[in-house]
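Below is one structure, written out as structure tokens, with a few remarks after it.
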Amino acid sequence: MKQEIRYQASAEVVSFIHRWQNWLKDERRYSLHTLDAYSRDLSVFFDFLKDYLKRAAERQDLASLDVHGFRAFLSARAARHIDKNSLAREISTLRNFFKWLNRSKILKNEDISVIVNPRRPKILPKALDVTQIFNLLKKSEKNQDWQGLRDTAIFTILYGCGLRISEALALNVGDITHNDFLRVKGKGNKERIVPLLPLVKENISAYLAACPYKLTNGEPLFLGARGDRISPRIIQRNLEKLRRELGLPDTVTPHALRHSFATHLLAEGTDLRSIQELLGHASLSTTQRYTDVQIETLQKEYLKAHPLEQN
């Protein structure tokens, strides 16, 4: 984690927290970023408990905390105008922690299960249209030094394979199979296989031919100027520059290229289950957001084109 997080709790409870963190890291394979977020959420909860109990929390306090106590925590967070997404994640963290305490036979408290997540606003993915994608790639291709070729290869992977930026930059040499598939490690270290379009392969090959560093199997595929695995921020910044030059909206981000991949496949009739597999979504409900995008787009086109709207 980024820095030490302190918990307003007894030494015994802190030891439980450390065991839970190790379980998340070693057994559940949570990323360091997610582990850090969960740990900070729990720290916020114990800060609240200290004010609520007027002392540091102990084991019996966790066992006896009732629905009113959990709701008091949510009320305190809402009073600080915490957004609903963050509040929902904090509730998820508490459920995870108390479920682990129960499973580990440390203590049992099921009152957290009564708490309902706040209704979160529905945010639709922002996809580019096909012309914008092609203009973006053509603009990127004009930079023919090895770093420009690298960026073009990454942008093409994001749109051509539907990868998250973290997945693309985590690729190693050798992750492209002999039959032109890409081996991708997604969230929770779950591996999936994604077909590799000829253009994507060509752009990767062009980058590899120009890269001044020797690349061997198992080592990072995409490198920065110093020969280390490239940072996502560099790619985000380079895409921002292209976006400004083309006059594209601020919603054009690396993740928007992934959204565009899914939206365009759905528009061409690809079934949701296949898109789910390609994106690496654990739940089909996550993939179903793209049907909302299609409905919203259809509505806009309908209102723009229908004769009754022209009068």
Beyond-backbone contact of Arg95 with Ile91, side-chain heavy atoms, under 4.5 angstrom: yes
Centroid separation Phe97 to Phe16 less than 6.0 Å: no
Partner set under side chain to side chain donor-acceptor pair (under 3.5 Å) for Gln8, not counting sequence neighbours: Lys50
Side-chain donor or acceptor of Asn22 paired with backbone N/O of His18 under 3.5 Å: yes
Verdict with reasoning, Phe70 to Asn109, per side-chain contact (heavy atoms from CB on, under 4.5 Å): CA-CA 11 Å; Phe70 287 115; Asn109 185 335; 4.1 Å; yes
Over 12 foreign heavy atoms within 6.0 Å of CZ, Phe134: no
pair Ile157-Phe222: side-chain heavy atoms closer than 4.5 Å: yes
Over 12 foreign heavy atoms within 6.0 Å of CZ, Arg103: yes
Heavy-atom donor-acceptor pair, Asp61 side chain to Glu58 backbone, under 3.5 Å: yes
Smallest separation among heavy atoms of Arg183 and Leu171, with atom names: O-CD2, 3.6 Å
Pair Glu191-Val184, side-chain contact (heavy atoms from CB on, under 4.5 Å): steps then yes or no: CA-CA 6 Å; Glu191 188 176 286; Val184 181; over 6 Å; no
Ile133 side, atom CD1; Lys138 side, atom NZ - distance, nearest 0.5 Å: 13.0 Å
Leu163 side, atom CG; Leu279 side, atom CG - distance, nearest 0.5 Å: 9.5 Å
Under 3.5 Å donor-acceptor, Arg243 side chain and Thr253 backbone: no
Gap between atom CG of Leu107 and atom CG of Leu101 - 0.5 Å precision: 4.5 Å
Gln132 side chain to Asp129 backbone, donor-acceptor under 3.5 Å: yes
Shortest non-hydrogen contact between Pro254 and Ile165, atoms and distance: CB-CB, 4.1 Å
Validation row: Phe46, Ile5 side chains within 4.5 angstrom (heavy atoms): no
Heavy-atom closest contact (Arg19 atom, Ile106 atom, distance): NH1-CD1, 3.9 Å
Heavy-atom check, side chain of Leu65 versus side chain of Leu49, under 4.5 Å: yes
Nearest-0.5 Å distance, CG of residue Leu35 to CG of residue Leu24: 6.0 Å
Atom pair CG (Asp41) and OG (Ser86), whose distance is rounded to the nearest 0.5 Å: 8.0 Å
ILVMFWY cluster, Val173 and Leu223 together (side-chain gap under 4.5 Å): yes
Over 12 non-hydrogen atoms of neighbours within 6.0 angstrom of CZ in Arg55: yes
Distance, nearest 0.5 Å, that separates CZ of Arg89 from CG of Leu87: 10.0 Å
Shared hydrophobic cluster, Val67 / Phe45 (ILVMFWY, side-chain heavy atoms < 4.5 Å): yes
Single-linkage hydrophobic cluster Trp146~Leu137, side-chain heavy atoms < 4.5 angstrom: yes
Minimum heavy-atom distance Val194-Cys161, with the two atoms named: CG1-O, 3.6 Å
Ile154 side chain near Asn238 side chain, heavy-atom distance below 4.5 Å: no
Leu128/Thr263 under side-chain contact (heavy atoms from CB on, under 4.5 Å): CA gap, chis, key distance, verdict: CA-CA 9 Å; Leu128 289 74; Thr263 302; over 6 Å; no
Enclosure of Arg233 CZ (heavy-atom neighbours >12, cutoff 6.0 Å): yes
hydrophobic_cluster_shared for Leu246 and Val130, side chain cutoff 4.5 Å: yes
Heavy-atom pair with the smallest gap, counting every atom of Arg28 and Asn96: NH1-ND2, 4.5 Å
Where at least one partner belongs to residues 142-169, residue pairs that pass salt bridge (charged side-chain N to carboxylate O under 4.0 Å, His left out), sequence neighbours excluded: Arg164-Glu167, Glu167-Arg192
Test item: Tyr159 and Leu136 side chains (from C-beta on) under 4.5 Å apart, heavy atoms: no
N/O donor-acceptor pair under 3.5 Å between Arg258 side chain and Gly162 backbone: yes
Distance-minimising heavy-atom pair for Ser140 and Thr152: OG-OG1, 2.6 Å
Heavy-atom check, side chain of Tyr7 versus side chain of Val13, under 4.5 Å: no
Side-chain heavy-atom pair Leu265, Leu278 within 4.5 angstrom cut-off: yes
Leu149 with Leu208, same ILVMFWY side-chain cluster at under 4.5 Å: yes
Listed partners of Ser113 passing side chain to side chain contact (heavy atoms under 4.5 Å, CB included), at least two apart: Glu110
Steps toward side-chain contact (heavy atoms from CB on, under 4.5 Å) verdict (Leu221, Asn172): CA-CA 5 Å; Leu221 176 60; Asn172 293 326; 5.7 Å; no
Whether Tyr38 and Trp20 hold their rings parallel, tilted or perpendicular, with breakpoints at 30° and 60°: parallel
Residue Arg80 excluded, over 12 heavy atoms near CZ under 6.0 Å: no
Check: Ser260 side chain, Ala256 main-chain N or O, donor-acceptor pair, under 3.5 Å: yes
